[in-house]
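Data block below; observations after.
The analysis underlying the following values was restricted to heavy atoms, covering all of them including side chains, and did not include hydrogens, waters or symmetry mates. What you see is a predicted model, and the numbers here were worked out from it, not measured in a lab. Along the sequence shown, the residues carry numbers beginning at 1.
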Amino acid sequence: MSDFFSGFWSYFITIIALGGVVFCLWLLYTQRAWLKQTAPEVEETGHVWDGDLTEFNTPVPRWWTVFYIGLCIAALALFFLYPGLGTYKGSLGYTSAGQVKAQQEALNERIRPVYARYQQMSIPEVAQDPDARQIGQRLFLNNCAQCHGSDARGSSNFPNLADGDWLYGGAPEQIMQTITKGRHGMMPPWSAQIKPAEAADIAQYVRSLSGLASDSLRVVPGKRGFDMFCVACHGVDGKGNTALGAPNLTDGVWLYGSSEATIVETILNGRTNIMPAQEGILTEDQIRMLTAWVWGLTNQGTSTTAN
């Protein structure tokens with residue numbers, strides 16, 4: 001309720017919510033004389049069905065009136081205690097996000113003993129433990145498989161974690177940093193400096209670096225363009241830079257595809273990829289277990305098949 005861009009909607013919701021309660025109380029008050037009727041003889045409405053089925057205008061029971069008033073009072077109490085009136089946050093300060101956080105903290109406290117045995121172990125040691133691998137795999141399936149796939153082999157735009165090719169490095173501490181803080185990879189667009197024909201030549205040179213079919217006549221001018229615009233990130237030899245997250249262009253691993261058209265699009269329009277930080281979602285113990293499992297994919301021969 002605190003995310004409204006205009007105060008109008010806050011007032012609108014407040015009026016609707018309180019107006020409904022006030023209307024109910026007003027209705028009960030204005031009809032109090034009729035509601036208090038207790039005479040055994042009640043008025044007939046004049047509607048008769050099947051010859052002997054008569055409809056009566058019978059007053060409602062007193063308990064119904066009291067119950068309805070009680071509901072109105074309870075509604076006002078809830079509006080006071082909880083956030084139900086526009087931007088009003090309620091006297092208890094309750095939020096659904098706060099409730100979820102409290103539940104997560106309680107859950108983490110209950111499962112803390114499970115991770116205690118691994119706290120003094122290194123990441124490679126954790127990766128060798130069968131129980132730890134199962135825990136890490138389940139953490140991966142719950143938090144990472146949506147992008148990287150249940151087998152960790154990724155897809156277009158999402159890195160393959162099981163091929164040994166790492167944009168930011170595959171050491172345990174580098175993987176843990178990636179999981180904890182996230183990554184924001186960006187290939188800048190060059191359309192203002194490079195013409196499409198020049199980008200196509202560079203694409204031919206880039207394809208030749210990894211042994212793909214390329215036009216030898218276009219590779220030479222493509223290398224000149226590469227040396228002018230690309231070596232700052234990808235290096236003179238095209239093997240990339242893990243400090244920048246610049247991919248190795250010589251290993252045959254492609255995040256977006258290896259066709260000339262795809263490479264040209266990357267050169268001219270750039271790319272942006274974000275790995276979200278998990279430090280606010282997973283505990284430190286969980287991140288260590290997940291790091292060990294991911295590291296073990298290419299260092300311990302760990303199976304990636306989900307159980």
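At a threshold of 4.5 Å between side-chain heavy atoms, the hydrophobic network of Ile, Leu, Val, Met, Phe, Trp and Tyr places Ile15 and Phe8 in two separate groups. Grouping the Ile, Leu, Val, Met, Phe, Trp and Tyr side chains by contacts below 4.5 angstrom, directly or via other members, places Leu139 with Val126. Under the 4.5 Å side-chain contact rule for hydrophobic residues, Ile263 and Phe229 share a cluster. The hydrophobic cluster containing Leu81 also contains Leu85, counting ILVMFWY residues as joined when their side-chain heavy atoms lie under 4.5 angstrom apart, directly or transitively. Residues Met275 and Ile281 do not share a hydrophobic cluster, defined by chaining ILVMFWY side chains whose heavy atoms lie under 4.5 Å apart.
Thr180 places no side-chain N or O within donor-acceptor distance of the main-chain N or O of Glu279, the cut-off being under 3.5 Å. Judged by distance alone, with hydrogens and angles left aside, the side-chain atoms of Ser258 form no donor-acceptor pair with the main-chain N or O of Trp254 at under 3.5 Å. Put simply, the side chain of Gln146 gets close to the backbone of Asn142: a donor and an acceptor are under 3.5 Å apart.
Using a cutoff of 4.0 Å between basic side-chain nitrogens and carboxylate oxygens, Asp251 and Lys239 are not scored as salt-bridged. At a threshold of 4.0 Å, the pair Glu198-Lys195 does not count as salt-bridged, since none of the basic side-chain nitrogens sits closer than that to a carboxylate oxygen.
With rounding to the nearest 0.5 angstrom, the CZ atom of Arg117 is 13.0 Å from the CG atom of Asp285. Interatomic distance, His148 NE2 to Leu297 CG, rounded to the nearest 0.5 Å: 11.0 Å. Glu260 contributes atom CD, which lies 9.0 Å from atom CG of Asp215 (distance to the nearest 0.5 angstrom). To the nearest 0.5 Å, atoms CG (Asn108) and CD (Glu284) are separated by 11.5 Å. A distance of 10.5 Å separates CD of Gln278 from OG1 of Thr291, quoted to the nearest 0.5 Å.
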Under 3.5 Å, side-chain donor or acceptor atoms of residues 164-177 against the rest of the protein: list the pairs with distances, not counting sequence neighbours.
from, atom 1, to, atom 2, distance (Å)
Gln174, OE1, Gly170, N, 3.3
Gln174, OE1, Ala171, N, 3.1

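The aromatic rings of Phe226 and His234 sit tilted, their planes meeting at an angle between 30° and 60°. A tilted orientation is assigned to the rings of Trp293 and Phe140, their planes being inclined by 30° to 60°.
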Test log, rule side-chain hydrogen bond (donor to acceptor under 3.5 Å, both in side chains), inputs Thr250 and Asn248: CA-CA 6 Å; Thr250 68; Asn248 184 344; 2.6 Å; yes
Test log, rule side-chain hydrogen bond (donor to acceptor under 3.5 Å, both in side chains), inputs Ser214 and Arg207: CA-CA 6 Å; Ser214 57; Arg207 284 175 55 85; over 6 Å; no
Audit row: Tyr118, Asp129, side-chain hydrogen bond (donor to acceptor under 3.5 Å, both in side chains) steps and yes/no: CA-CA 9 Å; Tyr118 303 106; Asp129 186 283; 3.3 Å; yes
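Taking the ring centre of Tyr205 as origin, the terminal cationic atom of Arg218 falls outside the region bounded by 6.0 Å and 45° from the ring axis.
In terms of heavy-atom proximity, Asn160 sits nearest to Ala162 at OD1-N, 2.8 Å.
Looking at heavy atoms from C-beta onward, Tyr88 lies out of side-chain contact with Pro83 at the 4.5 angstrom threshold.
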